[in-house]
2 protein chains.
Amino acid sequence: MSKQTEILKCDCNVIHQDVVDLVKTTMPSQDKLQELSQLFKVFGDPTRLKILSALFKSEMCVCDMATLFNMTQSSISHQLSVLKQARLVNYHREGKVVYYGLDDQHIQQIFDQGYLHIQER
Amino acid sequence: MSKQTEILKCDCNVIHQDVVDLVKTTMPSQDKLQELSQLFKVFGDPTRLKILSALFKSEMCVCDMATLFNMTQSSISHQLSVLKQARLVNYHREGKVVYYGLDDQHIQQIFDQGYLHIQER
DNA sequence: TGAACATATGAACAAGTATTCATATGATAA
DNA sequence: TTATCATATGAATACTTGTTCATATGTTCA
């Protein structure tokens, strides 16, 4: 609790303490910001957007996507695993082929939280 | 136009040509995807979200933000320049102090495009 | 069982990025 | 003009990330 424990990185003087205090009261938690930025980060890659955009139209297997985007199967697969971890896509296997689709439930949840919005599908 | 010019990275066989063709007709352009992912990337960092979140509440100077987030002035300044380039924030100088705020006009534009949505302000 | 094929995955590498440090710029006031 | 202060910025660094290559896994079919 001593002054020593609180090492301020900011080397400048506070200009508006009232503003700082006001804003502090309504700041989202660090966890919330982390979670939210994590989600945005997933959307922050053209390949992943491409995949999501395609899956909005139709379920697809990895091979379909690799062909459509003219990318390696491996690269698509890696990105799908990112999307899988973010629970944006799900999949079901039929023999050798794995079909990916949007995880509608979780995506709906994201929209329900109010951060994203899409016009038509 | 020869076969040689079109080198396919995908080493697997197309499973569903009909699906590929269908999806191809409705894919956003590469430019659009690039632009959109670029925007998401800006939101994909907790510090930048923190700044934006704060500015939603009140205009602030760099020093205020550095204090509030307990970060170096330099780091805040660097991130502000990213937000500036994305036209998410604007600023006006009053003497030595630079005040940052949300670029409401451009943000409104982004919302108008239908990608993002916020509940209250 | 083993060959063939779709997909997954670990390691390596190149490219991108957030922060820090040092310093520059721009403004004020003495 | 010079000192001071708020902010900006370039270089360096540590870290993250997207793709590729090689290979593993899992399934089908002969």
Side-chain angles (χ1 to χ4, degrees), chain A residues 7-17 19-20 33-34 37-38 40-51 59-86 89-101, chain B residues 7-17 19-20 33-34 37-38 40-51 59-86 89-101:
Chain A
I7 300 151
L8 288 182
K9 289 189 180 179
C10 169
D11 54 348
C12 55
N13 306 317
V14 180
I15 304 287
H16 311 89
Q17 190 62 51
V19 171
V20 171
L33 286 167
Q34 196 68 43
S37 66
Q38 202 70 22
F40 280 127
K41 208 173 283 185
V42 174
F43 290 114
D45 176 79
T47 299
R48 286 191 292 266
L49 280 190
K50 219 180 282 188
I51 293 173
E59 216 179 53
M60 295 183 98
C61 69
V62 180
C63 186
D64 289 343
M65 298 187 237
T67 304
L68 178 56
F69 309 144
N70 192 28
M71 292 180 69
T72 62
Q73 169 269 321
S74 178
S75 146
I76 300 289
S77 201
H78 275 297
Q79 296 298 6
L80 281 171
S81 96
V82 174
L83 293 169
K84 229 185 314 183
Q85 235 180 299
V89 302
N90 53 26
Y91 63 96
H92 60 100
R93 195 171 198 126
E94 287 183 20
K96 283 184 283 192
V97 181
V98 177
Y99 293 92
Y100 280 87
Chain B
I7 301 149
L8 288 182
K9 290 190 180 180
C10 168
D11 54 348
C12 53
N13 305 318
V14 180
I15 304 287
H16 310 89
Q17 189 62 51
V19 171
V20 172
L33 287 167
Q34 196 69 42
S37 66
Q38 203 71 23
F40 280 127
K41 210 173 283 186
V42 175
F43 289 113
D45 176 79
T47 299
R48 287 192 290 267
L49 278 191
K50 218 181 279 189
I51 292 174
E59 215 178 54
M60 296 183 99
C61 68
V62 180
C63 187
D64 289 343
M65 297 186 237
T67 305
L68 179 56
F69 308 144
N70 191 29
M71 292 180 69
T72 62
Q73 170 270 319
S74 178
S75 143
I76 299 288
S77 200
H78 276 297
Q79 296 297 5
L80 281 170
S81 97
V82 173
L83 293 169
K84 230 185 314 181
Q85 236 180 298
V89 302
N90 53 25
Y91 63 96
H92 59 99
R93 194 170 199 125
E94 286 183 23
K96 283 183 284 194
V97 181
V98 178
Y99 294 91
Y100 281 86

#### Entry: Residue whose closest nucleotide on DNA chain C lies nearer the 5' end, Ser74(A) versus Lys96(A)
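The answer here is Lys96(A).
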Distance check needed: [N] [atom2] versus [X] [atom1], whole Å only.
X        : N       : atom1 : atom2 : result
Asp45(B) : dT17(D) : CG    : P     : 11 Å
Asn90(B) : dT7(D)  : CG    : P     : 16 Å
Gln85(A) : dG18(D) : CD    : P     : 12 Å
Ile76(B) : dT19(C) : CD1   : C1'   : 11 Å
Met60(B) : dA6(D)  : CE    : P     : 15 Å
His92(B) : dT7(D)  : NE2   : C1'   : 15 Å
Glu94(A) : dA6(C)  : CD    : P     : 15 Å
Ile51(A) : dT19(D) : CD1   : C1'   : 13 Å

### Query
According to the 5.5 Å centroid and 30° plane-angle thresholds, does His78(B) stack upon the nucleobase of dT19(C)?
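By the stated criterion, His78(B) and dT19(C) do not stack.
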### Task
Assign the ring pair Tyr99(B) / His92(B) to parallel, tilted or perpendicular, where the plane angle (0 to 90°) is split at 30° and 60°.
parallel
Do the side-chain N or O atoms of [X] get closer than 4.0 angstrom to the phosphate oxygens (OP1, OP2) of [N]?
X         : N       : value
Gln79(B)  : dT19(C) : yes
Thr72(A)  : dT20(D) : yes
Tyr100(A) : dA6(C)  : no
Arg93(A)  : dA6(C)  : no
Ser77(A)  : dA6(C)  : no

### Message
Under 3.5 Å, is there any donor-acceptor pair linking the side chain of Gln73(B) to the base of dA8(D)?
### Response
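Looking at the base of dA8(D), it does pair with a donor or acceptor on the side chain of Gln73(B) (distance under 3.5 Å).
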State, to 0.1 Å, how close [X] and [Y] come at their nearest heavy-atom pair, and which atoms those are.
X        : Y        : value
Val89(A) : Lys84(A) : CG2-N, 3.7 Å
Cys61(B) : His16(A) : SG-ND1, 3.9 Å
Leu80(A) : Val62(A) : CD1-CG2, 3.8 Å
Ser37(B) : Leu49(A) : N-CD1, 3.5 Å

### Summary
On DNA chain D, more 5' by nearest nucleotide between Val82(A) and Gly95(A) is Val82(A)
### Task
Indicate, with a heavy-atom threshold strictly under 4.0 Å, whether Ser81(B) touches base, sugar-phosphate, or nothing.
nothing
#### Entry: Given dA8(D), dT19(D), dA6(C), the nucleotide with the shortest approach to the side chain of Val98(B)
dA8(D)
### Task
Please determine, for the side chain of Arg48(A), which listed nucleotide (dG18(D), dT19(C), dT20(D)) has the closest atom?
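It is dG18(D).
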